[in-house]
There are 2 protein chains.
Amino acid sequence: MDTKKRSDCPISCSLDIWGDKWSLLIVRDLMFAKQCTYGDFLKSGEKIATNILATRLQMLEENGIVAKLNHPDSKAKVLYKLTQKGIDLLPVMIEINLWADKYLTLPAEQKALLKEVKKNKEAFIKTRIKELKETS
Amino acid sequence: MDTKKRSDCPISCSLDIWGDKWSLLIVRDLMFAKQCTYGDFLKSGEKIATNILATRLQMLEENGIVAKLNHPDSKAKVLYKLTQKGIDLLPVMIEINLWADKYLTLPAEQKALLKEVKKNKEAFIKTRIKELKETS
DNA sequence: TATTTGTACTTGCAAAATGCAAGCGAATTT
DNA sequence: AAATTCGCTTGCATTTTGCAAGTACAAATA
């Protein structure tokens, strides 16, 4: 798997883990949905290829950002959820959203969602983290 | 060049611009150094290949994140600096640093630098943005 | 003035990552 | 018992990356 490391810089080390075009979208899905099956990710609009999804999930799991759980309904299904390490990417995610809100053209629904965040960023993050932490 | 867009999600759109393994490192260099020549980037420890550097700089320029300036000393040199759009990536950069500080093993010097940030994040960002804005 | 050096790239090619389609084994449904 | 769902894996074409060498122009040097 991806095991090469460049420098010791925090940015560089972080990018080595989740700095590709897909990983943060997987994390985003889990921040919205709290937990997803493999199929949920595939159906989530971005059209990620199934093999890429598999390697990314493996990478994220190896690095302790997501965890695999047994699905309560079926042994054939798997549940993915964020670990604390993954949940703590929320501030990064928020700042990317705010930057995009300022500089990119986003659909109205996205803009609306971000209005709430801008009202009180710290509070939003805090309550959202609490929600994500709750054991389902 | 890279012109494909995936969904309308802010994360996805942002990643389409700077979501590769190198772009944020270029931005980071400019946040530290304020302005760099092409050669400065090459010498900055990460060992980025020269062709990759060229295409990334072009991409970042096309997307209004960096700007090219004439070097005051020589017509042979070029100066790259962040635009406002690029400077506004600072909060993203800070949050990545804080996440890395919490979860990855970083060298002591990096840890020390981040102590200052943690003391007062908002203030740090504000003054750093002001510094970056100053016309050299 | 001629020549060498520095600076910002470009080019060619091999290696790696990505993307697409089909397949596969185990679990579940019919 | 057969068909379907689910979470992947595999094979292969396309794209991106990485390395090494080369090029064009400006500037310093002889």
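Order of the sequence lines sets the chain letters (A, B, ...), proteins ahead of strands, with each chain counted from 1.
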Send over the distance from A:Leu60 CG to D:dC8 P, rounded to a whole Å. 13 Å
NZ of A:Lys21 versus C1' of D:dT15: gap in Å, rounded? 13 Å
Is it true that A:Glu46 and A:Arg28 make a salt bridge, defined as a side-chain N closer than 4.0 Å to a carboxylate O? yes
Carefully, step by step, assess A:Thr50 and A:Tyr38 under the rule side chain to side chain donor-acceptor pair (under 3.5 Å). CA-CA 9 Å; A:Thr50 170; A:Tyr38 190 88; 2.8 Å; yes
B:Asn51 CG - D:dT16 P separation (whole Å): 13 Å
Between A:Trp22 and C:dA17, is there a side-chain N or O to OP1/OP2 distance below 4.0 Å? no
Classify A:Lys68 by what it touches in the nucleic acid, base, sugar-phosphate, or nothing, heavy-atom distance under 4.0 Å. sugar-phosphate
When you look at CD of B:Glu131, are more than 12 heavy atoms from neighbouring residues, nucleotides or ligands closer to it than 6.0 Å? yes
Which nucleotide, D:dC8, D:dT17, D:dA26, lies nearest any side-chain atom of B:Arg56? D:dT17
Taking atom P of C:dG19 as reference, at what distance in whole Å does atom NZ of A:Lys47 sit? 13 Å
Closest heavy-atom pair, A:Cys9 versus B:Gln110, reported as atoms and distance to 0.1 Å, is CA-NE2, 3.9 Å
Presence of B:Lys77 side-chain N/O under 4.0 Å of C:dC9 phosphate oxygens OP1/OP2: no
Mind checking if B:Tyr80 touches a base, just sugar-phosphate, or nothing, with heavy atoms under 4.0 Å? sugar-phosphate
Are more than 12 heavy atoms, taken from residues, nucleotides or ligands other than B:Asn70, located less than 6.0 Å from that residue's CG atom? no
Tell me: CD1 of B:Ile48 to C1' of D:dG18, nearest whole Å? 11 Å
Output yes when A:Asp20 and B:Lys21 qualify as a salt bridge under the 4.0 Å nitrogen-oxygen rule, no when they do not. no
Specify the residues of residues 6-14 of chain B, ordered by number, for which at least one heavy atom lies under 4.0 angstrom from an atom of DNA chain C. none
Tell me, please, which residues at least two apart from A:Lys121 pass salt bridge (Lys or Arg N to Asp or Glu O under 4.0 Å). A:Glu95
Length of the line joining A:Ile52:CD1 and C:dA21:P, which is rounded to integer Å: 14 Å
Measure from CG on B:Leu69 to P on C:dA8 and round the result to the nearest Å. 13 Å
Residue whose nearest DNA chain C nucleotide is more 5′ - A:Ala49 or B:Thr50: B:Thr50
Please tell me if B:Ser74 has a side-chain N or O lying less than 4.0 Å from either OP1 or OP2 of D:dA27. yes
Using a 4.0 Å heavy-atom cut-off across all strands, classify B:Asp20 as base, sugar-phosphate, or nothing. nothing
B:Lys75, nearest nucleotide to its side chain (from C:dT10, C:dT28, D:dA27): D:dA27
Separation of D:dC6 atom C1' from A:Leu57 atom CG, nearest Å, is 14 Å
